[in-house]
*Asks:* 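Let me begin by handing over the structure; questions about it come next.
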Number of protein chains: 2
Amino acid sequence: MSQENIKGILKTHQLRITDCRMDVMQFFLDEKSALSQSDLENQLTKYDRVTLYRTLNSFLDSGILHRIPNETGTATYGMCHDTCTPDHHEHNHVHFKCNKCGQIECLEEKVAHQVSVPFGYKVDGINMIVDGICPKCA
Amino acid sequence: MSQENIKGILKTHQLRITDCRMDVMQFFLDEKSALSQSDLENQLTKYDRVTLYRTLNSFLDSGILHRIPNETGTATYGMCHDTCTPDHHEHNHVHFKCNKCGQIECLEEKVAHQVSVPFGYKVDGINMIVDGICPKCA
DNA sequence: TTAATAAATGCAATTTAGTTGCATAAACTA
DNA sequence: TAGTTTATGCAACTAAATTGCATTTATTAA
């Protein structure tokens, strides 16, 4: 994706265009997998640690990124598609976690299943995490 | 579940029987939902904070507890059933997260679906997190 | 029952993850 | 171009988790 497109995304979400934000978004687009703050910190060394946290939170608040559930106890983020808004994240895709390299990807596959829950439980959404081996590790 | 049963579980998993471990396991059995270290710390005030972390990690390592994926960035744990071993957790049940009270429960419902992934991806397991409103909050 | 052994615990300290405050710099608009 | 607001860097802080060490405790063999 070009720099102009990235600028467009920032504009669309009412965010100022800064070098840090451009680089963070570019990194997410290049990696195509879930990233944590420490991933950013290791890669984008010219930016302050706190700034990277703030950038992640800005993107989260504005609907550019979503948090991806994981078991590790630290937060991971993935790129949203066009369906998210600042106050309501709408995600219906499958997350794939590779058991070998640990990377988590947002797949294009939708969660199209209905799930049965016991009586009394109301279902609002489903989040599916598939684990296995990715093509790179197979 | 009786104290004797709890002792049996500890023995089965080659863990020593201590007051702390008995109380931690009893709490998980009473609550029937995902718990974090801070939940334990607030409730089981006679034990040292570090001991509670260690107890959770002992139970995790030995297959008594499993980590439950969530988005918050802190670790939550749930009781395993008999299918887990120390080196391999095997979970095929649905997690239900209430959007109102925040509790996460392991439901009895199995993830019985097959999911399609792109070519090249090998599926080992599926973890499904359903969010909605639980019977207590409905 | 006792002694030895290894694991569990408590306390202090440290590391890791995340947030807040403030001054300054930078983006944006009129 | 000037004013305004937002983003950034630095320092400090809080929250979550881990490590080190000495002591205590559970367990087992004799």
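Atom set for the values below is all heavy atoms of this structure, side chains included, hydrogens, waters and symmetry mates excluded.
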*Asks:* Can you tell me if A/N57 touches the phosphate of C/dG18, counting only side-chain N or O atoms and a distance under 4.0 Å to OP1 or OP2?
*Replies:* no
*Asks:* Tell me if the centroids of the rings in A/F59 and A/Y77 come within less than 6.0 Å of each other.
*Replies:* no
*Asks:* Which parts of residues 29-54 of chain B get close to DNA chain D, meaning a heavy atom less than 4.0 angstrom away?
*Replies:* B/R49, B/V50, B/Y53, B/R54
*Asks:* Atom CZ of A/R21 to atom C1' of D/dG9: distance rounded to whole Å?
*Replies:* 15 Å
*Asks:* Under 3.5 Å, is there a donor-acceptor pair between the side chain of A/R21 and the main chain of A/R16?
*Replies:* yes
*Asks:* To the nearest Å, give me how far apart CG (A/L56) and P (D/dA7) are.
*Replies:* 14 Å
*Asks:* So, A/D39 versus A/S36: side-chain donor-acceptor pair below 3.5 Å or not?
*Replies:* yes
*Asks:* Hey, mind stepping through A/K136 and A/E105 against salt bridge (charged side-chain N to carboxylate O under 4.0 Å, His left out) and telling me if it holds?
*Replies:* CA-CA 12 Å; A/K136 277 183 302 184; A/E105 299 171 62; over 6 Å; no
*Asks:* Taking atom types as they are modelled, would you say the side chain of B/R16 forms a donor-acceptor pair with the base of C/dA6 within the 3.5 Å cutoff?
*Replies:* yes
*Asks:* Once you round it to whole Å, what is the distance between C1' of C/dT9 and CD1 of B/I17?
*Replies:* 17 Å
*Asks:* Closest heavy-atom contact between B/S62 and B/H13?
*Replies:* O-CD2, 2.8 Å
*Asks:* Can you tell me how far C1' of D/dT18 sits from CG of B/L60, to the nearest Å?
*Replies:* 15 Å
*Asks:* With a cut-off of less than 4.0 Å, is there a side-chain N or O of A/T55 near OP1 or OP2 of D/dA7?
*Replies:* no
*Asks:* Rounded to whole angstroms, how far apart are CG on B/D23 and P on C/dT9?
*Replies:* 10 Å
*Asks:* Give a yes/no on whether any side-chain N or O of A/T74 is located under 4.0 angstrom from OP1 or OP2 of D/dA16.
*Replies:* no
*Asks:* Are the side chain of B/D19 and the backbone of B/D23 linked by a donor-acceptor contact shorter than 3.5 Å?
*Replies:* no
*Asks:* Using modelled atom types and a 3.5 Å cut-off, is there a donor and acceptor pairing between side-chain atoms of B/R49 and backbone atoms of B/E41?
*Replies:* no
*Asks:* Closest approach of A/I17 and A/K11, non-hydrogen atoms and distance?
*Replies:* CD1-CG, 4.2 Å
*Asks:* When you measure from the side chain of A/Y47 to the backbone N and O of A/L40, does any donor-acceptor pair fall under 3.5 Å?
*Replies:* no
*Asks:* Starting from P on D/dT6, measure out to NZ on A/K11 and report it in whole angstrom.
*Replies:* 17 Å
*Asks:* Whole-Å distance between C/dT29 C1' and A/Q14 CD?
*Replies:* 15 Å
*Asks:* Estimate the overall bend of the helix from C/dT1-D/dA30 to C/dA30-D/dT1 from the end axes over five pairs each, rounded to 10 degrees.
*Replies:* 40°
*Asks:* Rounded to the nearest Å, what distance is computed from the CE atom of residue B/M22 to the P atom of nucleotide C/dA8?
*Replies:* 15 Å
